[in-house]
Each structure stands twice: as structure tokens, then as C-alpha cells.
Amino acid sequence: MVRYALRIFRADLVSWVPAMLVTMVVTAMIGACTGQYAWIHGSAFIEAAAVAGIEPSEFSIALQTVNMLVSFLSVVSLTTIGSAVVARCRQTFSLWRLVGASPAQVRICMGALMAIAAGAGACAGALAGVPLAAAATPLVSALGSQGQAFAPPPFSPSLAAVFASFFFGVVICVLGAVVPAVRASRVTAVETLRAAPPRQLASKGRLRSAAGLIVLVVALVVMAAPYLDSSGWMDASVDFGGAPVYAAAINAAVVGGFIIAFAAYLLAPMLAHLVLRVARPLANKLGAQSMLAERAMEFRLDFSMGICSILGSALGLAGILIVTLRSAISILRAYGVEGEVNQVDTLVFVGVICFVALVTSLAVMALSARGAAHEQALFRSLGMAPTGVRFFQLDQAILFSLVACVVALLPMLAAFAGFEAYALLAFAHPVVAFPFDFLVGAFVAMALLLFAIMHGQVHGALMRSPTCELREQ
């Protein structure tokens, strides 16, 4: 079966490049984290920290937020790629089932195909993680030393960290494809050629939505815990630039936002159904293209959620960082602390998150490029003009962006509510503002970028007769 998986992989290698690029980028980020972990736990680093009078645990604490961001982004991005690979090859394996292939053979080939694509990207990413970890040493030293004089030892690469990043990159991708592969191999040969109706796909998401609601409740408990402390939530203040900042409440707002970001990722299908239900009357009034875009997004829910989940989760993570940065500045100003606040690190994290989300979305769309070209050929054969196809794609991009913003709104509102509650109890009046400008700007940017990607997939096909595309299919 591995031989057939290699043939499928070589037959359309260009479509696999974005998926391998995503795996490479995410694995490089994992490699940077594992490399830094091995470095700060080495004997040379511990001795240098002891000479400077700094606890080695301070450096681990400083990396916790970064590791949390990378872990969440890695799981969301790589599992999305794994699911998209299975969806990409669904029609091929449907034909296999018709000619007599067993479910076990289909599962083995799907797993081999996923391992080949993930392994190619993870191998390059694991090697790229070494220089990335070395480049991050000044940042780690600055975060852990907190202004104290500290001379870190030279960065020494760890072979175990390289293998660990490669292992995690491949395993997470394969695990993301396990459930879709098992589900695709269990149906009968005739049913595999049919598209699953929206109700069937919605019923499969009930367990995911229930898990999302449970995670949401846990996050709310974490955020409320500092305020329910009988000893008084303001007793554990930390001097920060002359301001008595109550770290427990601040940390609860940030950590709670991250947990709710994961809950929003799990609740993405349910949120998408709600958004599409609200948007349906408006889409019906706007014309045939808008109505088709809304129906297509709901009917191909697996593909739609692959894009909306990663975009919404990444936008939610970036939004939490923006909310935290702006809220911290507002709270410090309310305490009377002046001076410039270093925003470079936060903006770099936001840029990395947005880049990974965009590349992952590009990979998901590239894996479905053949379906997009066939779809526009069918529309044009039924009388739709090329301009109508472009409006259809624009409406789809707007719907994708709208669902992603709704998914991102949950963690952003949670973090904002945590900081606002802190401000009300500390100053008796609100001092924090919600970053609507960031959310609106992200919506416009996502819609334009998604439309550009969608249009780029079918631009060549629009220049040809639809019969040419249908004949090729």
C-alpha cells in the first residue's frame, strides 16, 4: 500500500507543497521550543544562572506563554492539515472501494500518504528549528533574567530536541487524519461516492461541541478563581514599575482566554451553523451567487471548518495578545505609570500566528484545487458568467471571514472581560477598551486574502471553456 501512496503523492506533487510547508513551519516552531528547553536545562546554563544569582526556573516560567501558544497553534494547524489530506483523497479511495479494496487497505494507504507528506515537511522543519532556537537565545535570556546581569553560555543544539520536534510534527499530523480516515473507510462502496449531507456532518459534531462547552466552563472557573479567593484577591500584589499589579487576576484573564480559544476551536462547527442560519435570509435576497455560496459552505462543512477553525483560532490567539497588550498599557496608565511599553515581542507573535494561519488555509485550499476548478466549470455550463463565479468566490470569502471572526470573538471577549473586571475592582471605573479596530481590520484582510487565493486557483480555468475542464475531470 505504501507503493500506491507514493504514486498518489507524486501524481500531484504541486498540490502537496503548501501542506508540507505548513508542517515545516510548525515543526520548526516546535523545534525552537524543544531546543530552548534542552538548552536551559543543560548543566552549563544552570551553572551560569547560579553564578548570576538567578533561579533556573525563572527561564522556564518565561517560556510558558510561548510554549502554550506554539502547542495550541501546532495542534490546530497540523490536525487541520491531516483532515484536509483525507478529504483531498476521498474520491480516489472511493474508487478503490468500488473495485474491491477493503477498509483496512484504505486506512493503511491513507496513513502512509499522511506520513509521507508530514514526514517530508517535518524533516525540513526539525532541521530549521535548530538555527531558530539559536536565534531566540537573546530573547529567552532577557525574559528570564528580568534586567539582571546574565551572561548565558553559547547555545548547544540537542539531537534529542531535533528528533522530538520531528516526532511531534509527524504524529500530530497523522492523529489529525485518524478519525476522518476511519470514518471514510467504514462506509459502503456506493456511499463513498455521495457527498455527506449537512445534517449527517452536524450530528458528527455533537461530541465536539459538548467537549467545547465543557472546556468553556473550565475556562470560566479559571478566570473567576482569583476573585473567589476568601483571603482576598488583592493581597498578592506584585510591584511592576511602581504599580501594585495583582498578578493572579491578570494571569487568570490571559490563561482563561487561551483555554476559551481552544473551546472556540471545538465549538467552531456549531458557531458556523448559527452564523449561516442568520446569514441565509440576507444571502437569499442578495442574489444567486450569495445563495450558492451559503449553501456550498454548509454542504461542504468539513472543508469549511478546516479553514474557519484555523483562521478563527489563530485570530483569537492574536486577539488575546492584542487585548492583553492594550489592557496592560491602560491599567499601567491608570496607576500613573508612564513611559514606553515594548510592543515588539507581542507584534512578532501576532505576525507568526497570522502567517501560520494563512499558510494553513492556503494548504487546505490547495488540496481542494481540483474540486474548485470542477465546480466553476459546472456553474459556467449552467449559464453563470465568469463574473458571477468571481462574485460567488467573494461571497464565500466573506462568509469564511465572518465565521472566523465569530470564533475569534469568544476568547477575545473572555480576555477583555477578565481585564475589565480587574479594572472595575481596582479603579471602580472601566479603563480598558475592546480592540474593534483589530477585529474589523482582520475581517477585511482575511476576506481579501481568501478571495485572492480562491480566484488564483481557478483563474486559468476561467480563461478556458468549461467543457475543457469537465472533459479533464
* To do: Any pair with a residue in residues 282-294 that passes salt bridge (Lys or Arg N to Asp or Glu O under 4.0 Å), sequence neighbours left out, goes on the list, sorted by first then second residue, please.
  => Arg280-Glu294
* **Contacts of Leu448 that satisfy side chain to side chain contact (heavy atoms under 4.5 Å, CB included) - sequence neighbours left out** => Val444
* Asked: How would you list all residue pairs meeting salt bridge (Lys or Arg N to Asp or Glu O under 4.0 Å) that involve residues 424-434, not counting sequence neighbours?
  -> none
* Asked: What is the minimum heavy-atom distance between Cys308 and Phe400, and which atoms define it?
  -> SG-CD2, 3.5 Å
* Does the pair Leu311 and Leu450 meet the rule for a side chain to side chain contact (heavy atoms under 4.5 Å, CB included), with working shown? -> CA-CA 11 Å; Leu311 289 177; Leu450 289 177; 3.8 Å; yes
* **Where Asp395 and Ser290 come nearest, the two heavy atoms and their spacing** => OD2-OG, 2.8 Å
* Structure fact -> Applied to residues 165-175, the side chain to side chain donor-acceptor pair (under 3.5 Å) test, sequence neighbours excluded, yields none
* Asked: Hey, does the side chain of Ser313 reach the backbone of Ile310 with a donor-acceptor pair shorter than 3.5 angstrom?
  -> no
* Asked: Would you say Leu271 and Leu410 make side-chain contact, with heavy atoms under 4.5 Å?
  -> yes
Could you give the side-chain donor-acceptor pairs of residues 430-439 under 3.5 Å, partners two or more places apart or in another chain?
| from | atom 1 | to | atom 2 | distance (Å) |
| --- | --- | --- | --- | --- |
| Asp437 | OD1 | Arg326 | NH1 | 3.0 |
| Asp437 | OD2 | Arg326 | NH1 | 3.4 |
| Asp437 | OD2 | Arg326 | NH2 | 3.3 |

* To do: Report the C-alpha separation of Tyr265 and Val407 in whole Å, then their side-chain angles, then the decisive distance to 0.1 Å, and conclude whether the side chain to side chain contact (heavy atoms under 4.5 Å, CB included) test is met.
  => CA-CA 7 Å; Tyr265 170 71; Val407 173; 5.8 Å; no
* Asked: Hey, are the side chains of Pro411 and Phe258 touching, using non-hydrogen atoms and a 4.5 Å cut-off?
  -> no
* **Exceeds 12 heavy-atom contacts within 6.0 angstrom, atom CZ of Phe168** => no
* To do: Could you tell me which residues satisfy side chain to side chain contact (heavy atoms under 4.5 Å, CB included) with Ala32, sequence neighbours excluded, listed by chain and number?
  => Leu132, Ala133
* **Which atom of Ala397 lies closest to which atom of Phe451, heavy atoms considered** => CB-N, 3.7 Å
* To do: Please assess Thr23 against Met20 for the test side chain to side chain contact (heavy atoms under 4.5 Å, CB included), listing each intermediate value before the final yes or no.
  => CA-CA 5 Å; Thr23 309; Met20 291 187 292; 5.6 Å; no
* Thr34 side chain to Ala161 main-chain N or O, any donor-acceptor pair under 3.5 Å? -> yes
* Structure fact -> Heavy atoms of Ala261 and Leu317 approach each other most closely as CB-CD2, 4.1 Å
* **By side chain to side chain contact (heavy atoms under 4.5 Å, CB included) - contacts of Phe443 (at least two apart)** => Ile398, Ser401, Leu402, Cys405
* Structure fact -> So the salt bridge (Lys or Arg N to Asp or Glu O under 4.0 Å) pairs with at least one residue in residues 63-72 (sequence neighbours excluded) are none
* With Arg277 via salt bridge (Lys or Arg N to Asp or Glu O under 4.0 Å) - residues at least two apart -> none
* Kindly write out the residues that satisfy side chain to side chain donor-acceptor pair (under 3.5 Å) with Thr324, not counting sequence neighbours, or none if the list is empty. => none
* Closest heavy-atom pair and its distance - Met412, Gly316 -> CG-O, 4.3 Å
* Asked: With a cut-off of 6.0 Å (strictly less than), are more than 12 heavy atoms of other residues, nucleotides or ligands near CZ of Phe391?
  -> no
* Asked: If you round to the nearest 0.5 Å, how far is CD1 of Ile453 from CD of Gln393?
  -> 11.5 Å
* Could you tell me the separation between the CG atom of Leu424 and the CZ atom of Phe419, rounded to the nearest 0.5 Å? => 13.5 Å
* Intermediate values then yes/no, side chain to side chain contact (heavy atoms under 4.5 Å, CB included), Val323 and Glu420 -> CA-CA 11 Å; Val323 169; Glu420 191 67 24; over 6 Å; no
* Asked: Hey, what do you get for CG (Leu409) to CD1 (Ile260), rounding to the nearest 0.5 Å?
  -> 11.5 Å
* To do: State, to 0.1 Å, how close Leu315 and Ala442 come at their nearest heavy-atom pair, and which atoms those are.
  => CD1-CB, 3.4 Å
* List in chain and number order the residues that pass side chain to side chain contact (heavy atoms under 4.5 Å, CB included) with Val70, two or more places apart in sequence or in another chain; answer none if no residue qualifies. => Met29, Ile30, Cys33, Val66, Ser74
I'd like a table of donor-acceptor pairs (distance under 3.5 Å, sequence neighbours excluded) in which one partner is a side-chain atom from residues 213-223, with atom names and distances.
none

